[in-house]
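The model shown is predicted, which means the values in this text are computed figures rather than measured ones. Each chain gets a letter, A, B and so on, in the order the sequences are listed, and its residues count up from 1. All heavy atoms count here, side chains included; hydrogens, waters and symmetry mates do not.
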Amino acid sequence: MLRSSQPLTGPNRKRCREDEMLLGAVLDEGERGFIIDTRSAQAAKQARMTGGGTEPKSSYPQWRRLHRPLERGRPLQESFMKLVEACNDTSATMDRWLSRLESCRWLSHIKAALSTACLAAQCMDREEATVLVHGAEGTDTTLLVTALAQVILDPSCRTLGGFLGLLEREWIEAGHPFHLRCARSASSHARPKQEAPLFLLFLDCVWQLSRQFPFSLEFSERLLLTLFDNAYASAYGTFLCNNEKERRVGGDTGTALCLCKVKENTHSLWAWLNQPAERTKYLNPLYSHNPLVIWPSVEPQSIQLWQGLFFRWIRSSQHLDEAWAEIQKLVESN
Amino acid sequence: VENVRLLDRLSSRKAALGTLYLTATHVIFVENVSETRKETWVLHSQISSIEKQATTATGCPLLIRCKNFQVIQLVIPQERDCHDVYISLIRLTRPVKYEELYCFSFNPKLDKEEREQGWKLVDLHEEYNRMGIPNNYWQISDVNRDYGVCDSYPTEVYVPKSATAHIIVGSSKFRSRRRFPALSYYCKDNNASICRSSQPLSGFSARCLEDEQMLQAIRKANPGSDFIYVVDTRPKLNAMANRAAGKGYENEDNYSNIKFQFIGIENIHVMRNSLQKMLEVCELKSPSMSDFLWGLENSGWLKHIKAIMDAGIFIAKAVAEEGVSVLVHCSDGWDRTAQVCSVASLLLDPYYRTMKGFMVLIEKDWVSFGHKFNHRYGNLDGDPKEISPVIDQFIECVWQLMEQFPCAFEFNERFLIHIQHHIYSCQFGNFLCNSQKERRELKIQERTYSLWAHLWKNRADYLNPLYRSDHSQTQGTLHPQMAPCNFLYKFWSGMYNRFEKGLHPRQSVTDYLMAVKEETQQLEEELEVLGERLANLQKSQLNGNKVKSKQQDRSKQSGLSTSSNSLANTPQEYSNDLKSFPSRSPSQGDEDDSALILTQDNLKSSDPDLSANSDQESGVEDLSCRSPSGGGCLPSEDSGKDSDEAVYLAV
């Protein structure tokens, strides 16, 4: 599985030998590859006007392009904000709840993300084909798809250590702009332009997987909630800045923050989570290594609202926590 | 009929070819595949509707919808045959006599005494004793011993001490269907009670001294409070409309010391339509999230569930927190009243959250108090306007509570699903007819078997591993979260998409935890045994005796073996929203169900060899891979057919 950003075809249908050679080198003679473009066909075409575009069939003959539009940016942030608002609205009656939930479209985004990740996984696992994933920038929906696909495909990404490694690789090192995306979360009225909850969407999708495959992830919901918290506000440097360059060299972000040498000046969240005493808090007592691919159902009935996150401060989780404590006890006493 | 195709509900590509059989009690489809000869059995009683669809090039489609939400689509090659099957099924699924029902031919090979014992398992007399009755305030009355006062009530009713026979009879004449106020639940801690009745025949201004005295008697039976609540579970408008027909509700001015309350649960017609709409959503092919949520909201189903729950919560609060008695009624006092009283009882008393207690609860508030099972669930062919998913809603309320309080119930989701299944299946006699009187006339207990005994025998399958009787969740009253709580009501796909295996988690947490629990217990017992041996050995050694130490042959593996075979699943069609879902295959439900529905040797008819009936998709096989007894792991089917009936905790 490869990821990139969009090719700069532009309105004049530019070509780039090196790019074609690179993609050609990945495939064997006669082999076919799939390009999963996370923009709609129309959006991808329109991107040409601003210098972007898609890989034309003639220049990339071995690759078949599939479009699976995934929401990002402002609309995704709106969706998130609407959902949080709906969840916090104590006056809402049952009458309107579901349509309100529907109008947020958050669950539709989950469905689309899971479906696309599964598609990528299917190409690799069933068709045994190479997959290239990209959107526009390659920093948002692209990473959502590649990271999710790996959780689906690869059992080592479902271990606690493996999952953290996946995050480091596919989100942090790959350059998801955390600083821009996770600035204010849902409640701020300021609505900065670059704010968007892609990472949360990813965590929610992982939560859906944990619900459908309760034995297959080594980590618990608690880890996902902790990651969510730390992406927005953290005592650790792991989610700081927007990319490796900024983390190392600091740089001209034009913000009040002047972050240099994150590794020298801050502590790593991973290091903390990996401490034996901490680690146990994030383990799933039901975990049992599942070497196979886990294929989630993306039917609407199978996708649920992540109550542990969206109602975290609204309803007591006491009874559910007690249930988990029982589960823990049962497993441990065995 | 040969060469019939059984379609996967959503993918016409995945059709199974086989032979269709119609017997006196079942529709059976046997697949041609020689190794498996997979069978799909459907009881006629379960069939809710049959639809003959337009003939296509491939044949004549027949769509069978079941009351347990299974949907079966058959394609019969010849139009003539299809028509014959259709006509036959129409007749077979509309029995006119009780004797046509399966329970009269079902034979689990028990002797007469075992059958009797089965019926004695749930004893309401014992139950009222458990509540503390008779006592200073409440007594049994035999005023209805020949059903002379109310023919839909049981022979034994519990009434306040100060309610004389005269008062009871008088009150019954002032109540719809003569269903006078009688005791449903008594809280011995504070003497508050839940009583139930039907609506008074008050019209606009009619009064009845005895009825007023009856309510006073209820109030007096609770010295701790100087008033009672009267809860009318109907919407105010409906209740008012009833007044024009000479019925209505209690006027606070006429009845001393009552506080009247409308709760607003809709009637059976609204509920029937609501379910219909929800099932239509379930039948959508590859719906979007929007389609689903809109459809679900449009049906209003969860809103109704919440209304019932809220009513139960109100009553439970009145009893537990205020110590005030409540009289509940609707129109006839056998639908919404039953729902609301049983939900309230469940919230109040942890006994009803045990397996036995739950059976008792259903027996008390539904069976004995004359809920019209025949009319509501169509045992016999009757008026379609009487059909309504009343008890289904109650069962769903219980499930919703189980999701909120995973440690509070001794039983699991499967228990609820199987009860619902058998309310419609008519395999057992518990839910036949409309009243105790009718059941006794038919001699149900002498001619059929009790579901309770059957479930009790298999209770290991129905246990909730997280239940501990000393857990905080199992003590005292349950307090479901009040507003905001809309989001707490979830769509019960385990029930309404029960047969679509691909939708459910592939791994049953409940089954796994039960296995863990069992194994731990066995290991602990072994540990004890070994400990004793060790002690004996040490004693003998001290005595200088030679002891041969025997190596205990551990045929069990310690630790639960997980077979990776059981975890494989197939991908859905992700590539196109319009395409269908290949990994789902039609199924008859679990092996559990097959075991309940029929055991091979119990059938009198000369059916084909049914030993291959075990559903290879069942979760039972998977469980054995995780069972403590280790043993061989049964290879499961290709992942496409692998499925569990996932009873699963949403934590």
Checklist entry - Has A/Arg96 got more than 12 heavy atoms of other residues, nucleotides or ligands less than 6.0 Å from its CZ? => result no
Checklist entry - Is any side-chain heavy atom of B/Trp294 less than 4.5 Å from a side-chain heavy atom of A/Ser99? => result yes
Checklist entry - Heavy-atom count around B/Lys517 NZ within 6.0 Å, excluding the residue itself: above 12? => result yes
Checklist entry - Of the backbone (N, CA, C, O) and the side chain (C-beta and beyond), which part of B/Gln404 lies under 4.5 Å from a heavy atom of chain A, both, or neither? => result backbone
Checklist entry - What's the spacing between A/Phe311 CZ and B/Leu488 CG if we round to 0.5 Å? => result 7.5 Å
Checklist outcome for this item: Counting heavy-atom pairs under 4.5 Å with chain B, the top scorer among A/Gly308, A/Cys118, A/Ala121, A/Ala117 is A/Cys118
Item to check | Region of A/Gln307 that comes under 4.5 Å of a non-hydrogen atom in chain B | outcome: side chain
Checklist entry - With only heavy atoms counted, which part of A/Phe310 is less than 4.5 Å from chain B, the side chain, the backbone, both or neither? => result neither
Checklist entry - When rounded to the nearest 0.5 angstrom, what distance separates NZ in A/Lys329 from CG in B/Leu513? => result 13.0 Å
Item to check | Side chain proximity check, A/Leu98 to B/Asn298, heavy atoms < 4.5 angstrom | outcome: no
Next on the checklist: Check the orientation of B/Tyr512 and A/Phe215. Use parallel for under 30°, tilted for 30 to 60°, and perpendicular for over 60°.
Outcome noted: perpendicular
Next on the checklist: I'd like to know which of B/Phe405, B/Tyr489, B/Phe292 tops the heavy-atom pair count under 4.5 Å against chain A.
Outcome noted: B/Phe292
Next on the checklist: Taking the side chain as everything from C-beta on, heavy atoms only, tell me whether B/Pro287 gets closer than 4.5 Å to A/Glu299.
Outcome noted: yes
Item to check | A/Glu326 vs B/Pro406 side-chain heavy atoms within contact, under 4.5 Å | outcome: no
Checklist entry - Where do B/Gln481 and A/Ser316 come nearest, in terms of heavy atoms and distance? => result OE1-N, 3.8 Å
Next on the checklist: Counting C-beta onward and ignoring hydrogens, is there a side-chain heavy-atom pair between B/Met289 and A/Glu102 closer than 4.5 Å?
Outcome noted: no
Item to check | Residue pair A/Leu330 / B/Thr520, side-chain heavy-atom distance below 4.5 Å | outcome: no
Checklist outcome for this item: OG (B/Ser288) and CG (A/Leu107) are apart, to the nearest 0.5 Å, by 11.5 Å
Checklist entry - Measuring heavy-atom distances to chain A, does B/Lys303 have an atom under 4.5 Å in its side chain, in its backbone, in both, or in neither? => result both
Checklist entry - Could you give the distance from CD (A/Gln301) to CG (B/Asn497), rounded to the nearest 0.5 Å? => result 4.5 Å
Next on the checklist: What's the separation between atom NE2 in A/His319 and atom CG in B/Leu466, rounded to the nearest 0.5 Å?
Outcome noted: 13.5 Å
Checklist entry - Is chain A contacted by the side chain of B/Ser290, its backbone, both, or neither, given a heavy-atom distance below 4.5 Å? => result both
